[in-house]
Protein chains: 2
Amino acid sequence: MSRLGETRIAVIGGTGDLGFGLAVRLAKAYSVTIGSRDLGRATDAAAKASTVARVRVEGKTNEGAASACDYAILAVPDLPPADLLSSLAEGLKDKLVISPIVPMVLSDGIFSLSPSPSGDSAAERVAKALPKSRVAGAFHTVPAPKLAQLGEELAYDVLVTADTREVYEQTARVVSSVGRLRPFYAGPLVASRLVEAFTPALLNVSRLNKLKSPSIRLV
Amino acid sequence: MSRLGETRIAVIGGTGDLGFGLAVRLAKAYSVTIGSRDLGRATDAAAKASTVARVRVEGKTNEGAASACDYAILAVPDLPPADLLSSLAEGLKDKLVISPIVPMVLSDGIFSLSPSPSGDSAAERVAKALPKSRVAGAFHTVPAPKLAQLGEELAYDVLVTADTREVYEQTARVVSSVGRLRPFYAGPLVASRLVEAFTPALLNVSRLNKLKSPSIRLV
């Protein structure tokens, strides 16, 4: 793993906007596989991503991508069904799993975090479903539409949660490889719900102030 | 009220860091009164603020300041006791009341929002305690230490919550009068808890990345 290019990243849900954008960006530095429930959709998205990124991106089923990776990103908008996570648990054992997931509801035109009876963040729930993986939260505030546009420099700051500095540092290297994203450590997974709250807040600000895909920088 | 200078702002809790900083900054454009439970502390802080701001700042009891203002800012770190709010309710009737309040707890070195059994934000709870006032949330992410240093330009963005555009616009004018703060409408009060979450997240980022008083800008 001395060269980033030897590290394999699976983008689970890589056919969606966020996943496709991350796959395209990460393909410059990593060996990327797009995962999907449907193999045909995965290979189609991979072919398209290869064209945009000008490097080969592979397509596999989610399970296939999970088994064959070093790191995985769960690029899905909401918490995956329990059966999907449990089907990936063995393949993702001992691996870094990054959650950009922000479960949201839209009511009267206002976004909010989906109620969480336990108060747990999405990242914490992923960690509970994948107890043998090393889970981090990141990428929540990176606008998906800008990821796939390689001309966008992405000069944004990304808050990362992880239970250890080591997992944070590993995630931070992935974040740093995308455009000009700057990672900051935002605490253990228990602090993830604070970080996940930025996304619906930014969506509300976007709509109410006619801003297109705003993100944040720390100043 | 054609000139800002004729508008009177009461900074309730103006002897604390955030309140003192806001009083000093707002005194350039508004007639400012610092309120405190203790009249002596209010007049002491007002004298100090007058020196820093180079314009006269008054000091009164919280009740006196509330009665004699057009707008009030509740510059207290946590939700005030119910008796304080009820003692101010009549004086603040029909007035704009701005809440920068973020109730927080610190556990194992990590800040989080104080649990809210109802899920209500501080701003919503203020609105319930002051049902005849027009309540907005703002200033949550403006670092108090930098407010009182007039050399700091404060080029930050401020998310504002309010139940009507009119209350938002009024609050936005107050925000815009402080340094280079830029207000953005972040939705009705029901969206305030998302905005309040930024503060403990930034405090965690500050401590874990050795950043001094970080704030945010939208990009």
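When reading the values below, keep in mind they use all heavy atoms of this one structure, side chains included, and skip hydrogens, waters and symmetry mates. Labels below follow one simple rule: chain letters A, B, ... track the order of the sequence lines, proteins then strands, and each chain is numbered from 1.
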Engineer: Please classify the contact between A/Leu202 and chain B as side chain, backbone, both or neither, with a heavy-atom cut-off of under 4.5 Å.
Structural biologist: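 Only the side chain of A/Leu202 comes within 4.5 Å of chain B.
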
Engineer: Which atom names give the shortest non-hydrogen contact between A/Leu211 and B/Phe184, and what distance separates them?
Structural biologist: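 Of all heavy-atom pairs spanning A/Leu211 and B/Phe184, the closest is CD1-CE2, 3.6 Å.
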
Engineer: Under 4.5 Å from any heavy atom of chain B, what part of A/Leu159 do you find: side chain, backbone, both or neither?
Structural biologist: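 For A/Leu159, the contact with chain B is made by the side chain alone.
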
Engineer: With rounding to the nearest 0.5 Å, note down the distance linking CZ in B/Arg217 to CG in A/Leu218.
Structural biologist: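 B/Arg217 CZ to A/Leu218 CG: 12.5 Å, rounded to 0.5 Å.
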
Engineer: Is it the side chain or the backbone of A/Ser213 that comes within 4.5 Å of chain B heavy atoms, both, or neither?
Structural biologist: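 A/Ser213 touches chain B through backbone heavy atoms alone.
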
Engineer: Which region of A/Ile110, side chain (C-beta onward) or backbone (N, CA, C, O), has a non-hydrogen atom less than 4.5 Å from a non-hydrogen atom of chain B, or is it both or neither?
Structural biologist: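 Only the side chain of A/Ile110 comes within 4.5 Å of chain B.
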
Engineer: Counting C-beta onward and ignoring hydrogens, is there a side-chain heavy-atom pair between B/Asn204 and A/Leu194 closer than 4.5 Å?
Structural biologist: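 Side chain of B/Asn204 against side chain of A/Leu194, heavy atoms only: contact under 4.5 Å found.
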
Engineer: Between B/Leu203 and chain A, which part of the residue has a heavy atom less than 4.5 Å away: side chain, backbone, both or neither?
Structural biologist: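 Neither part, no heavy atoms under 4.5 Å.
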
Engineer: Is the shortest heavy-atom distance from the side chain of B/Val205 to the side chain of A/Tyr185 under 4.5 Å?
Structural biologist: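 Counting from C-beta outward, B/Val205 and A/Tyr185 never come under 4.5 Å.
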
Engineer: What part of B/Arg165 is in contact with chain A, defined as an atom under 4.5 angstrom from a non-hydrogen atom: side chain, backbone, both or neither?
Structural biologist: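 Just its side chain gets close to chain A.
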
Engineer: Please say whether more than 12 non-hydrogen atoms of neighbouring residues, nucleotides or ligands are located less than 6.0 Å from CG in A/Asp83.
Structural biologist: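 More than 12 within 6.0 Å, yes.
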
Engineer: State, yes or no, whether a side-chain contact exists between B/Tyr168 and A/Leu208 at a heavy-atom distance under 4.5 Å.
Structural biologist: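 Heavy-atom side-chain distance check fails, nothing below 4.5 Å.
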
Engineer: Take atom NZ in B/Lys146; do more than 12 heavy atoms of anything else shown fall under 6.0 Å from it?
Structural biologist: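 Counting neighbours around NZ of B/Lys146, more than 12 heavy atoms of other residues, nucleotides or ligands fall under 6.0 Å, so yes.
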
